[in-house]
Amino acid sequence: MLFGRKRKNPIKIADKQIKEWKYTTCGYCSAGCSMEIGLNAEGHPVSSRGVSGADVNRGKLCIKGIFEHELFTSAGRGEQPLMRGRTFDEYQPAGWESALDHMASEIGRLQSAHGHDSFAVVSTGQLLTEEFYTLGKLVRGVIGTNNYDGNTTLCMASAVSGYKRSFGSDGPPGCYDDFEHTECLLAFGSNLPEQHPVIYWRLKEALEKRKFPVIVIDPRVTMFAQFADIHLPITPGTDLALLNSFAHVILEEGLEDRDYLDAFTTKGNDFERILEDYDPVTVAKICGIDEDTIRTVARLYARAGAAMSIWTMGINQSTHGSDGVAAINNLNLLTGNVGQPGGGGLSITGQCNAMGTREWSSCSGLPGYRALENEEHRNEVADFWGIDPNFFPAKRGLTETDIFPAIETGQIKGLWLVATNPLTSMPNTDRIRRTLEKLDFLVVQDAYSDVETTQYAHMYLPAAMWSEKEGCFTNTERRISLVNKITEPPGIAKPDHWIFSALAQRFEQGRKIKFPGKASDIFDEMKQLSKGRLLDISGLDHDVIERERGVQWPCPEGEAVSANPRRLYADGKFQHADGKAKLITLPFVDNNEMPDTDFPFWLNSGRVVEHFHTRTKTGKIGNLNKFSPTPYMEMNPDAARELDVGHMKYVRLVSKRGDAVVMVQLTHRVPNNMVFIPFHFYDCVNRLTLGLLDPHSRQPAFKQCAVRIEPVAQDVAARANVEARAF
Ligand SMILES: Nc1nc2c(c(=O)[nH]1)N[C@H]1C(S)=C(S)[C@@H](COP(=O)(O)OP(=O)(O)OC[C@H]3O[C@@H](n4cnc5c(=O)[nH]c(N)nc54)[C@H](O)[C@@H]3O)O[C@H]1N2
Ligand SMILES: Nc1nc2c(c(=O)[nH]1)N[C@H]1C(S)=C(S)[C@@H](COP(=O)(O)OP(=O)(O)OC[C@H]3O[C@@H](n4cnc5c(=O)[nH]c(N)nc54)[C@H](O)[C@@H]3O)O[C@H]1N2
Ligand code: SF4
Ligand SMILES: [Mo]
């Protein structure tokens, strides 16, 4: 007789009859996993797997990567350009010729009537690097509008700004290999296990070999916090005060690395004087972290042989995001932890190619980390493209978060959205909706035609996405990886770089500049422009990048790929004119919207592992969407009891901006004065958010505002919810 398992049928793994595996790079988060897509005999993508020889993921993928091949056949893709008149009649299908002719003539019409900057462009962190470079060439070199930005202002702008202020340039100095060497890890506002599962797995691997303290600073008890040695459940928006206090303790106790400071840094006269105000007793009252813990963490960090900090949106999305980043840099400079194995500050980036846009899109300047404000840089790029340097503005124009208000005031009349969905992702979306309605001309260029913004557009351009085209992504640790074309895009959808080049041909100046058609030829231009710069990639090409399963920059010509330095600034030479890093004086101003008697709860927002952003992709993949198909919020059971709110019941949340109906999930993950909502759902959390802007980076403080909770008729809410799910 058979017992237990033996009685059961053996597990069978479905044979998908895969005939060929094709190499590419994951198109979701910035971990940058190398993967292969399995094709069956008919050439259909039927499976995804991690690449074991790739340094980033070593065979692993997270749940999004595992189902990524299903994207190729997901619903809602745009198959041909659509156009309609100013009265918002029905969309009519159009060919590329007539769509792009019309687009060029509308841009021309607006620019001659209202000036060059009346047409704005907002892009993304999800195109290929070659596409970013091409878009930059089109916008800066041909269309000539200075109101050009990316959704990175919602995401990475504070990190970029903080790096520039401290080190003189953007560019995360560290790498994943630092986990193998560090003796202390601080993680600020990052939920690594859900948002960057493979980077988290790299950390776990390192910890299995060698124990070191992991300290997580997050107002929620995230999975990362549960696994940490010390969790600091900080009062929202107060990280800068805490960081200043760490610096205070380090200086007070003489734990700083004096040799490093003397050799490699400069500072303002008031640096130490301002830090005196941030003694742990005072700061404990601001951050809600007790005095002893502040001292303990500061000592652990400063006494570790090598210590590192990582951070993500809990720092960047704050009114002091840029200051928070500069304060993390201060901490690392004070302790001599920059560019050392296991020692440094690594901003964990977000989108698959958040770095590619920072490096090459010209959104905030000119390609290759060049600045519009620098005459030499303007001349170099103008010369390379063959245009008059005076065509470039001498100062950066508006950021995404300033472009929308400029539409409200009538300063901007036309907008081109490329791979971004502000109707779900910007703060105060009801205001964004009214803003979009004011536009004379809105073009949406997206992989999906059912993206919410198309309801307000005059023209929709269907784009190929991810592995329907070829080019590169740069990940969190500056590693460039190759995305290969695996299938054809649907209908007559085209790669974004094809659309940019084809539009350029409609302008006189666009016909004078070279717009290469092949991604590898575009890469070749970038190589030439990168020579001698911090992000030198002149030693690379697509073949080398694929063969190596990703290569970190810098990688100059003539140097072996294996010899490239894994970290920036190891020699203590920084990008400020004097070659030094700056210790920046950072007084903390508490200027957020805070809970009060009318709106007694903090509203926090972020992500969950199974969804990506506004769900245009993951909302269509059954094996991902099933885990959270419904807008919901985490709420503490003690607070719920007081308000008589039940688990899985609906409530209405109200802020000073608007309201949203969500399902309640009771959990002790949030404190009893806070609720947390994943931001992935349309008409949900961003109807409530305020999004005060950081003064340096113009990034919105998505994670701090105040709401109250009201009852709602359960049957009405349930019906609305079913409608929302029918996305
Ligand atoms: N599954 C999945 N992965 C993703 C994405 C996705 O949509 N889905 N998006 C990618 C992108 S673009 C990004 S930018 C990253 C974001 O990655 P993360 O930043 O890790 O993700 P979030 O959930 O937005 O926020 C992280 C944490 O910040 C905390 N936080 C809120 N306020 C504060 C505060 O004042 N101080 C501190 N210290 N912490 C605070 C929140 O409680 C939350 O747990 O993820 C990337 N990876
Ligand atoms: N409340 C709250 N709001 C937030 C955040 C938060 O934490 N809380 N996080 C913010 C952050 S960090 C980010 S990064 C933003 C993200 O916000 P968005 O960028 O607006 O969100 P996505 O859904 O990624 O939008 C990308 C769009 O590009 C399309 N797309 C994908 N690939 C391609 C392609 O190759 N070509 C073209 N043309 N289209 C493509 C997708 O279908 C999708 O419509 O949201 C921000 N909003
Ligand atoms: S960790 Fe990020 S890059 Fe890796 S498979 Fe998951 S979503 Fe893709
Ligand atoms: Mo992001």
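In what follows, every heavy atom counts, from backbone to side chain, and hydrogens, waters and symmetry copies are set aside. The model shown is predicted, which means the values in this text are computed figures rather than measured ones.
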Between [Y] and [X], is there a side-chain donor-acceptor contact under 3.5 Å, judged purely by atom types and distance?
{"X": "S467", "Y": "T24", "answer": "yes"}
{"X": "S30", "Y": "T476", "answer": "yes"}
{"X": "E68", "Y": "S48", "answer": "no"}
{"X": "T153", "Y": "D149", "answer": "yes"}
{"X": "N151", "Y": "Q351", "answer": "yes"}
{"X": "S309", "Y": "Y301", "answer": "yes"}
{"X": "N329", "Y": "R165", "answer": "no"}

Please indicate whether D644 has more than 12 foreign heavy atoms, meaning atoms of other residues, nucleotides or ligands, lying under 6.0 Å from its CG.
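Atom CG in D644 is not crowded, with 12 or fewer foreign heavy atoms closer than 6.0 Å.
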
Spell out, as yes or no, whether a donor-acceptor pair under 3.5 Å connects the side chain of [X] to the backbone of [Y].
{"X": "T182", "Y": "C184", "answer": "yes"}
{"X": "N592", "Y": "M594", "answer": "no"}
{"X": "S166", "Y": "G162", "answer": "yes"}
{"X": "T429", "Y": "I432", "answer": "no"}
{"X": "S74", "Y": "L71", "answer": "yes"}
{"X": "Q699", "Y": "C155", "answer": "yes"}
{"X": "N57", "Y": "K60", "answer": "yes"}
{"X": "Q714", "Y": "Y650", "answer": "yes"}
{"X": "E610", "Y": "L624", "answer": "no"}
{"X": "S425", "Y": "N421", "answer": "yes"}

Could you check if a side-chain atom of [X] sits within less than 4.5 angstrom of a side-chain atom of [Y], using non-hydrogen atoms only?
{"X": "T424", "Y": "R615", "answer": "no"}
{"X": "V670", "Y": "W602", "answer": "no"}
{"X": "E205", "Y": "R58", "answer": "no"}
{"X": "T401", "Y": "L154", "answer": "yes"}
{"X": "Y456", "Y": "L417", "answer": "no"}
{"X": "Q226", "Y": "V221", "answer": "yes"}
{"X": "M465", "Y": "R77", "answer": "yes"}
{"X": "D446", "Y": "T454", "answer": "no"}

Indicate the atoms forming the closest heavy-atom contact of [X] with [Y], along with that distance.
{"X": "C29", "Y": "H196", "result": "SG-CD2, 3.9 Å"}
{"X": "N475", "Y": "A31", "result": "ND2-O, 2.9 Å"}
{"X": "V160", "Y": "D170", "result": "CG2-OD2, 3.6 Å"}

Under 6.0 Å between the ring centres of H680 and F612?
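Aromatic pair excluded; centres sit 6.0 Å or further apart.
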
Check whether the ring centres of F588 and Y278 lie less than 6.0 Å apart, and answer yes or no.
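No: the rings miss the under 6.0 Å criterion.
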
Quick check for you: to the nearest 0.5 Å, what is the distance between [X] atom [atom1] and [Y] atom [atom2]?
{"X": "D229", "Y": "F212", "atom1": "CG", "atom2": "CZ", "value": "9.0 Å"}
{"X": "M35", "Y": "C26", "atom1": "CE", "atom2": "SG", "value": "5.5 Å"}
{"X": "N244", "Y": "T238", "atom1": "CG", "atom2": "OG1", "value": "11.5 Å"}
{"X": "Q665", "Y": "F676", "atom1": "CD", "atom2": "CZ", "value": "10.5 Å"}
{"X": "T25", "Y": "W466", "atom1": "OG1", "atom2": "CH2", "value": "9.5 Å"}
{"X": "E400", "Y": "S123", "atom1": "CD", "atom2": "OG", "value": "9.0 Å"}

Do E359 and R478 sit within salt-bridge range, that is, some charged N less than 4.0 Å from a carboxylate O?
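Not counted as a salt bridge, because no side-chain N and carboxylate O are separated by less than 4.0 Å.
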
Only one of R433, R434, R431 forms a salt bridge (charged side-chain N to carboxylate O under 4.0 Å, His left out) with E408, so which one is it?
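Only match with E408 under salt bridge (charged side-chain N to carboxylate O under 4.0 Å, His left out): R431.
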
What residue pairs, at least two apart or across chains, pass side-chain hydrogen bond (donor to acceptor under 3.5 Å, both in side chains) with a residue in residues 653-663?
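side-chain hydrogen bond (donor to acceptor under 3.5 Å, both in side chains) check on residues 653-663 returns E593-R657, R652-D659, D659-R687.
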
Using 30° and 60° as the class boundaries, would you call the ring planes of H69 and F67 parallel, tilted or perpendicular?
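H69 and F67: tilted rings.
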
Kindly assign one of parallel, tilted or perpendicular to the pair F681 and H611, based on the angle between their ring planes and the thresholds 30° and 60°.
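Rings of F681 and H611: perpendicular, as their planes differ by over 60°.
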
Kindly indicate, with the supporting measurements, whether the criterion ring-ring contact (aromatic ring centres under 6.0 Å, His included) is fulfilled by H231 and F224.
CA-CA 9 Å; H231 172 215; F224 202 6; over 10 Å; no

